[in-house]
Amino acid sequence: MNRILFVCTGNTCRSPMAEGIMRKILSEEGLTDIEVRSAGVAAYEGTQLSDHAASVLKNKGCVGPSASTFLSQILIDWADLVLTMTSSHKRHTIQLYPEAVDKVYTLKEYVQDDPQLADKISEMESLITELELKQALSGQITEEERERVLTLQKELPLPDIADPFGGSYREYEKCAWEIEECLIKLAAKLKKDR
Ligand SMILES: N[C@@H](Cc1ccc(OP(=O)(O)O)cc1)C(=O)O
């Protein structure tokens, strides 16, 4: 697990903050052989980091990417582990690169350590994928299926790191804390799994 790729939408806010913060944690933890990169499922190549994301990283003493990168086959092949900011990024990544299915997780899913929760997350994701496919083929979603999604949603903690795009510095900082909390768990997991 030596190459980790963080994925968000535009690669100007969340995944670059994850990349920069993780790089610092890895260096503090002596995990210097692990490389991190980031990309966006709808990113333009070469857009600058959002000002607030850049300030948050600077204030934390972290170094992020200098510009945005589009999620490509090359990056997917490069990564041993792909961690997305939301479950919709995860679905999108797997739809584009089905061969990567076994190494793509949401960040929150990958670092949580309750096996029962992991089962529920995976049931929820299969159900959503199944229902999306059904809808795409013009099928009707039954009341029972809708109820099952709602019940699972209530039982699960929020799976996503929300987008701070357009928000205040404070919102970016909060987003970075949420990401950092997960990344501390990630580093511990990577250390344990060595
Ligand atoms: N909303 C942007 C795209 C965008 C979306 C989300 C975003 O945040 P993040 O980098 O965290 O996905 C950044 C950019 C646009 O109008 O092009």
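Since the structure is predicted, the reported quantities are computational estimates derived from the model, not experimental observations.
If you chain together hydrophobic residues whose side chains sit under 4.5 Å apart, Leu5 and Leu31 never meet in one group. Taken together through direct or relayed side-chain contacts under 4.5 Å among Ile, Leu, Val, Met, Phe, Trp and Tyr, Leu152 and Ile141 form part of one hydrophobic cluster. Leu83 and Ile121 fall into different hydrophobic clusters, where Ile, Leu, Val, Met, Phe, Trp and Tyr residues are linked whenever their side-chain heavy atoms come under 4.5 Å apart, directly or through other members. In terms of hydrophobic clustering, with Ile, Leu, Val, Met, Phe, Trp and Tyr side chains grouped at heavy-atom distances under 4.5 Å, Tyr110 and Leu156 are assigned to different clusters. One hydrophobic cluster, built from ILVMFWY side chains closer than 4.5 Å, holds both Ile4 and Leu57.
More than 12 heavy atoms of other residues, nucleotides or ligands shown are found within 6.0 angstrom of CD on Glu45. By the 6.0 Å contact criterion, CD on Gln140 is open, its count of non-hydrogen atoms from other residues, nucleotides or ligands being 12 or less. Annotation for Glu181: atom CD does not count as buried by contact number, only 12 or fewer foreign heavy atoms lying within 6.0 Å. Heavy-atom contacts from other residues, nucleotides or ligands closer than 6.0 Å to OH of Tyr169 number more than 12. Residue Gln116 qualifies as open at atom CD: its count of foreign heavy atoms under 6.0 Å is 12 or below. Lys174 NZ: 12 or fewer foreign heavy atoms inside a 6.0 Å radius.
Contact between Ala162 and Glu178 at its shortest, heavy atoms only, is N-OE1, 4.5 Å. The two residues Tyr97 and Leu71 have their closest heavy-atom pair at OH-O, 3.3 Å. The shortest heavy-atom contact between Asp113 and Pro115 is O-CD, 3.5 Å. Heavy atoms only, all atoms of each residue included: Ala39 and Leu75 are closest at CB-CD1, 3.7 Å. Closest heavy-atom contact between Glu171 and Gly167: OE1-CA, 3.7 Å. Shown here for Trp78 and Val36, the closest heavy-atom pair between the two residues is CH2-C, 4.1 Å.
Rounded to the nearest 0.5 Å, atoms CZ (Arg91) and OG1 (Thr93) are 11.0 Å apart. Atom-to-atom distance recorded for Leu49:CG and Ser38:OG is 8.0 Å, nearest 0.5 angstrom. Interatomic distance, CE of Met124 versus CG of Leu127, reported as 7.5 Å (0.5 Å rounding). Rounded to the nearest 0.5 Å, atoms CD1 (Ile128) and OG (Ser88) are 10.0 Å apart. Atom CE of residue Met85 and atom OG1 of residue Thr9 lie 10.0 Å apart, to the nearest 0.5 angstrom. Here the CD atom belonging to Gln135 is positioned 7.5 Å from the CG atom belonging to Leu131, to the nearest 0.5 angstrom.
With contacts defined as side-chain heavy-atom distances shorter than 4.5 Å, the pair Val7/His92 does not qualify. In this structure, the side chains of Leu190 and Ile34 come closer than 4.5 Å at one or more pairs of heavy atoms. In this structure the side chain of Pro16 reaches within 4.5 angstrom of the side chain of Asn11, judged on heavy atoms. Looking only at side-chain heavy atoms (C-beta outward), Val82 and Tyr105 stay at 4.5 Å or farther from each other. Lys108 is not listed as a side-chain neighbour of Pro159, based on a closest heavy-atom distance of 4.5 Å or more. Contact of the Ile76 side chain with the Leu96 side chain is not registered, since no non-hydrogen atoms from C-beta on lie closer than 4.5 Å. You'll find the side chain of Arg23 stays beyond 4.5 Å of the side chain of Cys62, heavy atoms only. Using a 4.5 Å cut-off on side-chain heavy atoms (C-beta onward), His89 and Val104 make no contact.
Salt-bridge annotation for Asp80 and Lys103: absent, with no side-chain N of the basic residue lying under 4.0 Å from a carboxylate O of the acidic one. The existence of a salt bridge linking Glu109 and Lys90 is confirmed by a sub-4.0 Å separation between a basic side-chain nitrogen and an acidic carboxylate oxygen. Salt bridge Glu19/Arg37: absent, no basic N to carboxylate O contact under 4.0 Å. Ion pairing between a basic and an acidic side chain is recognised when a charged N comes within 4.0 Å of a carboxylate O; Glu173 and Arg170 show such pairing. Taking 4.0 Å as the cut-off between side-chain N and carboxylate O, Asp33 and Arg194 count as a salt-bridged pair. Salt bridge status for Glu144 with Arg148: absent, with no side-chain N to carboxylate O gap under 4.0 Å.
Distance alone, capped at 3.5 Å, is enough to place a donor-acceptor pair between the Lys24 side chain and the Lys60 backbone. At distances below 3.5 Å, at least one donor-acceptor pair connects side-chain atoms of Arg14 with backbone N or O atoms of Ile161.
Side chains of Asp51 and Tyr172: a donor-acceptor N/O pair is absent below 3.5 angstrom, by distance only. Side-chain atoms of Glu132 and Thr129 include no donor-acceptor pair closer than 3.5 Å.
Apart from Leu133 itself, the hydrophobic cluster it occupies contains Leu137, where clustering links Ile, Leu, Val, Met, Phe, Trp and Tyr at side-chain heavy-atom distances under 4.5 Å.
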>> Apply side chain to side chain donor-acceptor pair (under 3.5 Å) to residues Glu125 and Ser122 and explain how you reach the verdict.
In response: CA-CA 5 Å; Glu125 286 184 348; Ser122 123; over 6 Å; no
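Here Lys134 pairs with Glu145 under the salt bridge (Lys or Arg N to Asp or Glu O under 4.0 Å) rule; sequence neighbours left out.
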